[in-house]
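Counting begins at 1 with the first residue of the sequence. The basis for the numbers below is simple: all heavy atoms, side chains too, and nothing from hydrogens, waters or symmetry mates. Computed from a predicted structure; not experimentally measured.
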Amino acid sequence: MIELSADLGEAASDEDRAVERAIWSMIDAANVACGGHAGDEASMREGVRNASRLGVILGAHPSYPDRENFGRASMAIDPGALRTSLVSQIGRFREIASGEGLRLQRVKAHGALYNDAHRDRALAGILVEAVRAVDPAVAIVASGKSKTADAAREAGLPVIREAFADRRYRPDGSLVPRNEPDALLSVAEAAAQADMLVRERIVDARGHRITIDFDTICIHADMQGAVARLKAIRQRLAPFVRMTSE
């Protein structure tokens with residue numbers, strides 16, 4: 001069976017919250033924003049309760065402390081300050097989860113921090129240090145070929161290798177930034193990419209076929225058409241995903 005995951009807890013409007021509610025029921029694991037780029041006490045608690053009610057694996061989704069840019073801009077930030085922020089974000093989310101009787105199982109960086117740590121070993125090390133400071137049993141979600149994964153393995157943390165069904169890849173295995181043309185895949189393109197990932201463990205990265213080993217396939221709830229995209233992916237992968245009421 002294939003695990004489907006999503007980044008959630010980022011909704012800022014009633015419309016976005018409705019999208020997230022629909023997505024919760026169609027995934028196996030969730031990475032919930034914990035205050036750095038989005039989210040607050042109420043949204044974190046709601047995410048924990050959704051995970052508990054639906055049997056979804058619970059992950060934290062920290063970022064650069066940059067709500068103004070939704071965590072999508074690289075930051076020149078003191079390493080100690082970044083580590084402190086990440087420990088605070090992850091630690092508070094873990095406390096909320098524990099208070100609701102649920103265990104935090106994963107941490108996945110958001111946005112620019114995810115992309116920067118993919119290539120920057122020092123930055124990846126800060127992220128891993130922060131996770132270890134909160135709970136050394138928690139897994140890191142990252143590209144299997146990233147510096148983040150390397151740092152996690154060296155520190156003895158479990159790694160959940162992540163692939164993306166709804167984003168275009170670069171030949172080096174990183175994601176095409178959202179501000180570049182064709183970075184976001186259409187409904188049909190995402191379903192096709194998910195199918196290629198599952199059947200061949202490859203994607204077409206702007207003309208280059210690259211191997212992507214993975215444990216989870218992620219979709220983004222904040223992309224237009226996210227629900228339709230996820231439904232199309234589930235339909236395409238029907239033999240490989242769990243049944244839902246949708």
Exercise. Looking at Ala165 and Ala194, what are the two nearest heavy atoms and their distance?
Worked result: CB-CB, 4.0 Å
Exercise. Any salt bridge between Lys147 and Asp116, counting N to O under 4.0 Å?
Worked result: no
Exercise. Do Arg229 and Glu189 sit within salt-bridge range, that is, some charged N less than 4.0 Å from a carboxylate O?
Worked result: no
For this session: Evaluate the side-chain proximity of Ile57 to Ile27: yes if any heavy-atom separation is below 4.5 Å, no if none is.
Result: no
Exercise. Any side-chain heavy atom of Val227 sitting closer than 4.5 Å to one from Ile23?
Worked result: yes
Exercise. Just how far is it from atom CG of Asp7 to atom NZ of Lys108, taken to the nearest 0.5 Å?
Worked result: 3.5 Å
For this session: Using the rule that two of Ile, Leu, Val, Met, Phe, Trp, Tyr join whenever any of their side-chain heavy atoms come within less than 4.5 Å, decide whether Val198 and Ile160 are in one cluster.
Result: no
Exercise. Would you say Pro65 and Met75 make side-chain contact, with heavy atoms under 4.5 Å?
Worked result: yes
Exercise. Salt bridge (Lys or Arg N to Asp or Glu O under 4.0 Å) with Glu100: which of Arg53, Arg49, Arg94?
Worked result: Arg49
Exercise. Cut-off 3.5 Å, side chains only: do Ser63 and His110 have a donor facing an acceptor?
Worked result: no
For this session: Could you tell me whether Glu129 and Arg132 make a salt bridge, using a distance below 4.0 angstrom between a side-chain N and a carboxylate O?
Result: no
For this session: Decide side chain to side chain contact (heavy atoms under 4.5 Å, CB included) for Arg170 and His208; before the verdict, give the C-alpha distance in whole Å, the side-chain angles of both, and the deciding distance to 0.1 Å.
Result: CA-CA 8 Å; Arg170 286 172 161 168; His208 298 267; over 6 Å; no
Exercise. Angle class for the His220/Phe164 ring planes (parallel below 30°, perpendicular above 60°, tilted otherwise)?
Worked result: parallel
For this session: Assess Arg201 against Phe214: is NZ or CZ under 6.0 Å from the centre of the six-membered ring, and within 45 degrees of the ring's axis?
Result: yes
Exercise. When you look at Glu95 and Leu104, which way does the side chain to side chain contact (heavy atoms under 4.5 Å, CB included) test go after all the steps?
Worked result: CA-CA 9 Å; Glu95 289 174 0; Leu104 175 64; over 6 Å; no
For this session: Would you check if the side chain of Glu20 reaches a backbone N or O of Ala11 as a donor-acceptor pair within less than 3.5 Å?
Result: yes
For this session: Measure the spacing between CD of Gln235 and CG of Leu230 and express it to the nearest 0.5 Å.
Result: 11.5 Å
For this session: State the NE2-CG distance between His37 and Asn69, to the nearest 0.5 angstrom.
Result: 12.5 Å
Problem set entry | Atom of Ala133, atom of Arg83 and distance for their closest heavy-atom approach | CB-NH2, 3.5 Å
For this session: Please step through side chain to side chain contact (heavy atoms under 4.5 Å, CB included) for the pair His118 and Ser143, ending with a clear verdict.
Result: CA-CA 7 Å; His118 180 95; Ser143 164; 3.5 Å; yes
Problem set entry | Where Cys218 and Glu162 come nearest, the two heavy atoms and their spacing | CB-OE2, 3.2 Å
Exercise. Any ion pair linking Arg106 and Glu3 (charged N to carboxylate O, less than 4.0 Å)?
Worked result: yes
For this session: Report yes or no: does Thr84 contribute a side-chain atom to a donor-acceptor pair with the main-chain N or O of Gly80 at less than 3.5 Å?
Result: yes
Exercise. Is there a side-chain contact between Gln193 and Tyr169, using heavy atoms and a 4.5 Å cut-off?
Worked result: yes
Problem set entry | Closest heavy-atom pair and its distance - Asp120, Leu123 | OD1-N, 3.1 Å
For this session: Test salt bridge (Lys or Arg N to Asp or Glu O under 4.0 Å) on Arg178 and Asp222 and set out the steps.
Result: CA-CA 12 Å; Arg178 288 190 184 224; Asp222 62 343; 3.0 Å; yes
For this session: Before accepting this row, confirm whether a basic side-chain N of the pair Arg119/Asp172 lies closer than 4.0 Å to the acidic partner's carboxylate O.
Result: yes
Exercise. Does Tyr114 share a hydrophobic cluster with Val32, counting links as ILVMFWY side-chain heavy atoms below 4.5 Å and allowing steps through other members?
Worked result: yes
Problem set entry | same_hphob_cluster(Leu237, Val56) at 4.5 Å side-chain heavy-atom cutoff | yes
Problem set entry | Ionic contact status for Arg209 with Asp204, cut-off 4.0 Å | no
For this session: Establish whether Ile140 and Val87 are linked, either directly or via other cluster members, by ILVMFWY side-chain heavy-atom contacts under 4.5 Å.
Result: yes
Exercise. Can you check whether Val131 reaches Leu157 side chain to side chain, under 4.5 Å on heavy atoms?
Worked result: yes
Seminar exercise, completed: On a heavy-atom basis, the closest approach of Asp28 and Ile2 is OD2-O, 3.6 Å
For this session: Identify whether the distance between the nearest side-chain nitrogen and carboxylate oxygen of Asp150 and Arg121 falls below 4.0 Å.
Result: no
Exercise. Is there side-chain contact between Met1 and Phe240, with at least one heavy-atom pair below 4.5 Å?
Worked result: no
Problem set entry | Side chains of Ile212 and Leu197 in contact at under 4.5 Å (non-hydrogen atoms) | yes
Exercise. Would a hydrophobic clustering, with Ile, Leu, Val, Met, Phe, Trp and Tyr connected at side-chain separations under 4.5 Å, put Ile77 with Leu113?
Worked result: yes
Exercise. Donor-acceptor pair, Gln89 side chain versus Gly36 backbone, under 3.5 Å?
Worked result: yes
For this session: Please examine the side chains of Leu58 and Gln105, heavy atoms only from C-beta on, and report whether any two atoms are closer than 4.5 Å.
Result: no
Seminar exercise, completed: In this structure, CG of Leu184 is separated from CG of Asn179 (nearest 0.5 Å) by 10.0 Å
Exercise. Under the side chain to side chain contact (heavy atoms under 4.5 Å, CB included) criterion, do Arg167 and Leu185 qualify, and how do the steps go?
Worked result: CA-CA 6 Å; Arg167 295 285 301 277; Leu185 300 185; 5.7 Å; no
Exercise. Looking only at atom types and distance, does a side-chain atom of Arg234 sit under 3.5 Å from a main-chain N or O of Met26, one as donor and one as acceptor?
Worked result: yes
For this session: Mind checking the CG-CD1 spacing from Leu4 to Ile233? Nearest 0.5 Å is all I need.
Result: 7.5 Å
Problem set entry | Minimum-distance pair of heavy atoms, taken over all atoms of Ala117 and Ala124 | O-CB, 3.7 Å
Exercise. If you round to the nearest 0.5 Å, how far is CD1 of Ile217 from CZ of Arg161?
Worked result: 12.0 Å
